[in-house]
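Let me begin by presenting the structure, written as structure tokens, before commenting on it.
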2 protein chains.
Amino acid sequence: MQIDLDLLFTWGAIAKEYKKGEMIFCEDETANFYYQIMEGSIRMYNSNDDGKEFTQGYFHEGQSFGEPPLFINECYPSTAEAFQDSVIVKLSKEKFLKILEEYPAIQKQFLTLMSRRIHSKAMTSKDIINQKPEFRIIAFLNAHKKGRSGCEKEQVPFTRQEIANFTGLRVETVIRALSKMAKERKVDIVNHKIYF
Amino acid sequence: MQIDLDLLFTWGAIAKEYKKGEMIFCEDETANFYYQIMEGSIRMYNSNDDGKEFTQGYFHEGQSFGEPPLFINECYPSTAEAFQDSVIVKLSKEKFLKILEEYPAIQKQFLTLMSRRIHSKAMTSKDIINQKPEFRIIAFLNAHKKGRSGCEKEQVPFTRQEIANFTGLRVETVIRALSKMAKERKVDIVNHKIYF
DNA sequence: CGAGTCTTTGACCGTCCTCAATTCATGTGG
DNA sequence: CCACATGAATTGAGGACGGTCAAAGACTCG
């Protein structure tokens, strides 16, 4: 959990519901709020002229998102929308920055968090640039696997389109790569569902 | 300037010279030092099996680099090497973290810095994934332009190979894209030198 | 002047994208 | 319980673009 919910509410935060697909903020919009997920998950993405989308990342229950622009007075570089029905806590930028002032320990946590983000973004771009479709997909699957321990394959909760948007490939390419991988037993596919 | 040099030296930092091409730290190595550039510039990159390199970014005089792993106890995700002959100030991780404790203002600056990095990495991946070679190159040129004001084109201080490494393209592709862009006067090329 | 690096060009190839049509899975209402 | 609507997954054909390889030209710096 990023910031304690009681604390947030004490400072005037409010919780808001979003339906799946609803937009939370939009590319190039000014950043005025701190957001933290109570329930559900959200997706950050960019879309370009031809309508093609690139997913920057997914965020889940307990995580905050869209903070960097708050620290540097920039607009959002991407759009955020609810990936499932979600409940999100929202606090004004001013109050949020004040909390950080008051609680140095929290500020430090954010420094850590940002570092982690950079680290993982570095890995992602590396994977995406260099490698073949199959590699990108495996990188995606690894990065989004829940139970890291289990030896059994788990169902992947993403559509092929979603994988495509994250890896920068096209749906058809993802489909063909996945079927090949299924033949080689790198993944299992039963009833169109992917297990990894 | 990131951290005051006097302060760094007071805490026991030392300056070290690196010749162009010399390695400062290496992918997968444990992070033990804080680095800040006094003179010169450095390049961070990954290389993959086939020897192809992907440049994560360039850092210049007055900038620090390779900090994220210090905050999260991870190994370096990339390699850093001197892009020119450089002088670099080096301080042990422990002392560095102590400085942050002592001077909250500095810690805050780093939070800002990390946010800026995330922001620009987000832009970069967006540009790289979505677009055609020409777009990637323009994005690169824009990102690395010095005098943002001038209406006149300035010479680009990168080789085509360097542009290729950053954009994830091949040299030949960069060359062909650039000549096309020169025809359309999006850049000028005289004597093989690029002006943008 | 000469070594080394960078740039250029051409031919060829393979991969991934495009487009279009079909099948499948799921859920809803009659 | 079936018919239908919707969104996802598939498949195939065809083309374009960027990668690969090889060879040659140009520039730079000592």
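A note on names: the letters A, B, ... follow the listed sequences, proteins ahead of strands, and every chain is numbered from 1. If you're wondering where the values come from, they're calculated on a predicted model, not measured in any experiment.
Across D:dG18, C:dC24, D:dT11, the shortest atom-to-atom separation from the side chain of B:K132 is found for D:dG18. Closest to the side chain of B:E172, from the set D:dG19, C:dT18, D:dC21, is D:dC21. For B:I175, whose side chain is taken as the heavy atoms from C-beta onward, the closest listed nucleotide among D:dG18, C:dT8, D:dG12 is C:dT8. Taking the side chain of A:R160 as heavy atoms from C-beta on, and the options C:dC17, D:dA26, D:dA9, the nearest nucleotide is D:dA9. Looking at the side chain of A:T159, the nearest of the listed nucleotides D:dA8, D:dT10, C:dT18 is D:dA8. Minimum atom distance to the side chain of B:R176 is reached by C:dG10, of the listed C:dG10, D:dT10, C:dC16.
Between the CD1 atom of A:I163 and the C1' atom of D:dA9 there is a distance of 12 Å, given to the nearest Å. Residue B:I129 contributes atom CD1, which lies 10 Å from atom P of C:dC17 at whole-angstrom precision. Rounding to whole angstrom units, CZ of residue A:R170 and C1' of D:dG12 are separated by 18 Å. When rounded to the nearest whole Å, the span between CD1 of A:I137 and C1' of C:dT15 equals 14 Å. Rounded to whole Å, atom C1' of C:dT8 lies 12 Å from atom CG of B:L178. Nucleotide C:dC24 holds its P atom 16 Å from the CD1 atom of A:I189, rounded to whole Å. One atom, CZ of A:F54, and another, P of C:dC17, lie 14 Å apart when rounded to the nearest Å. Remark: P of D:dA8 and CD of A:Q155 are 15 Å apart, rounded to the nearest angstrom.
Within the 4.0 Å cut-off from OP1 or OP2 of D:dT28, at least one side-chain nitrogen or oxygen of B:K193 is found. Proximity of A:N191 to the phosphate of C:dC24: no side-chain N or O atom is located under 4.0 Å from OP1 or OP2. Distances shorter than 4.0 Å separate some side-chain N or O of A:T173 from OP1 or OP2 on C:dC17.
For the residue pair B:Q56 and A:K126, no side-chain donor N or O sits within less than 3.5 Å of a side-chain acceptor on the partner. Residues A:E67 and A:Y35 bring no donor and acceptor atom of their side chains to less than 3.5 Å of each other. With no hydrogens or angles considered, no side-chain donor-acceptor pair links A:E27 and A:S78 at under 3.5 Å. Looking only at atom types and distance, the side chain of A:N46 has no donor-acceptor partner in the side chain of A:K52 under 3.5 Å away.
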Handout entry: Verdict with reasoning, A:T79 to A:M23, per side chain to side chain contact (heavy atoms under 4.5 Å, CB included)
Key = CA-CA 8 Å; A:T79 300; A:M23 180 166 303; 3.7 Å; yes
